Amino acid sequence: MIPIIDLLEQRVSSVLSELTGNPAPAVVRPSNNPKFGDYQANGVMGQAKKAKQNPRQLAEQVIAKLDVSEMCEPPQIAGPGFINFRLRPEWLSRQVSQAITDSQRLGIDPLADPPVTVVDFSSPNLAKEMHVGHLRSTIIGDVIARVLEFWYDAPEKIIRQNHVGDWGTQFGMLIAYIKRTHPEAIDDPTAFQIADLESFYQQAKKLFDDDATFKQEAYHETVALHNNEQATLKAWKYVVAESRTHCQKVYDQLNVRLNKDNERGESSYNDRLPDVIKDLHNAGMLVESDGAQCVFMDQYKNKDGDVLPLIVQKSDGAFLYATTDLAAVRYRTGDLKAQRIIYVTDARQKLHFDMVFSCARKAGWASEDITLEHVPFGSVQGDDGKPFKTRSGGTVKLKDLLDEAVLRAGDIVNEKNANLDDATKAKIAAAVGVGAVKYADLSNNLVSDYVFDWNKMLAMEGNTAPYMQYAYARVQSIFRKGDIDVDALVHSGHLVNLTEPEELTLGKLLLRYSEVIENVARDLRPHLLTTYLFDLAQAFSSFYANCPVLKAEGPTRTSRLLIAHLTAKTIHHGLSLLGIATIDQM
RNA sequence: GCGCCCGUAGCUCAACUGGAUAGAGUAUCGGUCUUCGAAACCGAAUGUUACAGGUUCGAAUCCUGUCGGGCGUACCA
């Protein structure tokens, strides 16, 4: 099924192009005011101006030639040259009926010939535990990957890459610390477990800062690591494996699809780094400055107005994250054959990625037909407007944050629905708690910072996960109470008939799902999806309050059951793209 | 200093990237449960879109300037 907006766009722009003799977009948009109908074409005014015509007259000519009679009431011309379309209830009813029969894709066509796409996200530093700073990249990246997987309808074309920090001085430091405190672990890693990776790291860091001898040991281990010395490598593998286990728990609890197969850490590019330098040198792009190897590109200036370097090798010979990122670009375009690479990192790294992209282009590692995108996002703040910290000022572990969310959700479930059994309550608490955290994050415009607020995200009123989950649970409750066989209903061949205002509003919204998915996929902005789902849940609540389902009779009852069913499916589907669970009762 | 992002209702945010009278939620006030889950619904009130110019049929959106905030700006990632 073609989205309604695209259908109208095609029809109107073809007539408009014919009339003007030039390709002319119709610029169809959903109307922002019901009195102007459901959709409006805004393109006539621009075209009239180009052709030095009267816009209203051009609009007259357009609707004289335009045939949309099967789907719309006769189009109306308004204002300076808008064309307004009101969809016919019969046509809407048929479209909704048709969407219901497509249980897999809800009537949404996949993108033709999608590009091989790498999504680089989460990418925590494995030397420490995941903290609140990793929340946004992890869940936003996961949503982007899920949305594209669905839109492409070709999961193999989405390659998730977890570019973890698993290399460098911090690991030398941890290895040196293990050798000091648990020498037996070097020979037998099972002899020792890191109970708390974060405090283990903090202890090592303290020693590193305070004890010059230890610092030397740490540097020694770092060099040994980079030289692939067996004993050090063994310890390194142990630390990384331990840390990965911590991460995996967080990913699982977050319902984020990442595992070891998606991991391609900094260490994996180690062998490729010298080639980056060599090839930049061969391309004549490498310049030594203050002992460091740099790439200078005119468009980037530093604070003195001089050209800003992209440093790819330090004066002591060590490589930097720019080097690794360049190697990663080469790996992704060369080995993975990526045609589109998406980086989900916070906005502060924008300059870095701009420079890396420019450098990769200039070096010929990413041709112009390969899309390189940085998806920047703002930070999570405490209610003081500063980066979110614990009361004592420490970093908030992601694990603790999620546990608290589940605990708080559990309290609410106990209060609202005490008679459920414990297992059900636990399931609800997990879905609601984690869903609330994710939804609160995803519902913000990416670029803005937001304040982390437990009460707001767990509130059952407003644009929150619990509100959406509640709307879903109410539909399920209808089907439970009415003892409805959903499969039989869907395959019965009965049709939807939208007549009441609430039914029409809901029906139109349901049919806009494909349009929204396209927008989210194109612009990589998850909050467009949360906004839509909230509108949908509100429209359903209104329908629910005004249009009795089980008490209705005959075709009306069937029709309303079908509408309720498609609403639940859409909410479930949308939330699943957000990585948020639905529950049948709450 | 320069660069990037931002400034919208008391508060938190939208506004499909130039469209019509700038919309939601929240808080506030009022109404709706013997009717499918009231964790809900319906209604009321809320604005010099930071400010000043400009571009045009039309600007929160684009351009210029000013003020205010966040971030970045050579060997951390």
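Convention: sequence-line order gives letters A, B, ...; per-chain numbering from 1. Fair warning: this is a prediction, and the values are worked out from it, not measured in the lab.
- The pair A:R136-A:D346 does not meet the salt-bridge criterion, since no charged nitrogen lies less than 4.0 angstrom from a carboxylate oxygen.
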Kindly give the atom pairs (protein nitrogen or oxygen, nucleotide nitrogen or oxygen) under 3.5 Å for nucleotides 24-34 of chain B.
{"unit_1": "B:rG25", "atom_1": "OP1", "unit_2": "A:Q538", "atom_2": "OE1", "d": "3.3"}

For A:K425 and A:D421: C-alpha separation, side-chain torsions, deciding distance, then whether salt bridge (Lys or Arg N to Asp or Glu O under 4.0 Å) applies.
CA-CA 6 Å; A:K425 280 183 190 167; A:D421 63 86; over 6 Å; no
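- Note on ring orientation: taking the six-membered ring where Trp is involved, the planes of A:H226 and A:W167 are parallel (angle under 30°, cut-offs 30° and 60°).
- B:rU26 has its base anti relative to the sugar, with a glycosidic angle deviating from 0 by more than 90°.
- For A:N84 and B:rA20, a side-chain-to-base donor-acceptor distance below 3.5 Å is present, hydrogens and geometry of angles not being considered.
- Checked against the 6.0 Å centroid threshold, A:Y321 and A:H352 count as a close aromatic pair.
- Side-chain atoms of A:N270 and A:S267 form no donor-acceptor pair, as typed in the model, at a separation below 3.5 Å.
- Judged by atom type and distance alone, A:S289 reaches the base of B:rA74 through a side-chain donor-acceptor pair under 3.5 Å.
- When distances are taken from the side chain of A:F36 to each of B:rG72, B:rA20, B:rC13, the shortest belongs to B:rA20.
- A 4.5 Å side-chain heavy-atom check between A:V520 and A:W151 finds every atom pair outside the cut-off.
- With 3.5 Å as the limit, one finds a donor-acceptor pair spanning the side chains of A:E503 and A:T499.
- At most 12 non-hydrogen atoms from other residues, nucleotides or ligands lie less than 6.0 angstrom from CD of A:E553.
- You'll find that the side chain of A:E515 is closest to B:rC16, out of B:rU73, B:rG37, B:rC16.
- Using a cut-off of 4.0 Å between Lys/Arg side-chain N and Asp/Glu carboxylate O, A:D535 and A:R512 are scored as not salt-bridged.
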Under 3.5 Å, which protein N or O atoms sit close to an N or O of nucleotides 54-61 of chain B? Give each pair with its distance.
{"unit_1": "B:rU56", "atom_1": "O3'", "unit_2": "A:K49", "atom_2": "NZ", "d": "3.2"}
{"unit_1": "B:rC57", "atom_1": "OP1", "unit_2": "A:K49", "atom_2": "NZ", "d": "2.2"}

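- Anti is the classification of B:rC11, since its glycosidic angle lies more than 90° from 0.
- Residues A:L577 and A:I517 have side chains in contact (heavy-atom distance under 4.5 Å, counting atoms from C-beta outward).
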Writing each nucleotide of RNA chain B 5' to 3' as (, ), [, ], | or . by Watson-Crick or G-U pairing under 3.5 Å yields (((((((..((((.....[...)))).(((((.......))))).....(((((..]....))))))))))))....
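- In terms of polar N and O atoms assigned as donor or acceptor, the side chain of A:R348 never comes within less than 3.5 Å of the base of B:rU73 in a complementary pairing.
- Relative to the ring axis of A:Y39, A:R86 does not place its NZ or CZ within 45° and under 6.0 Å from the centre.
- Between A:N546 and A:K350, the one whose closest nucleotide on RNA chain B sits nearer the 5' end is A:K350.
- Between A:G43 and A:Y321, the one whose closest nucleotide on RNA chain B sits nearer the 5' end is A:G43.
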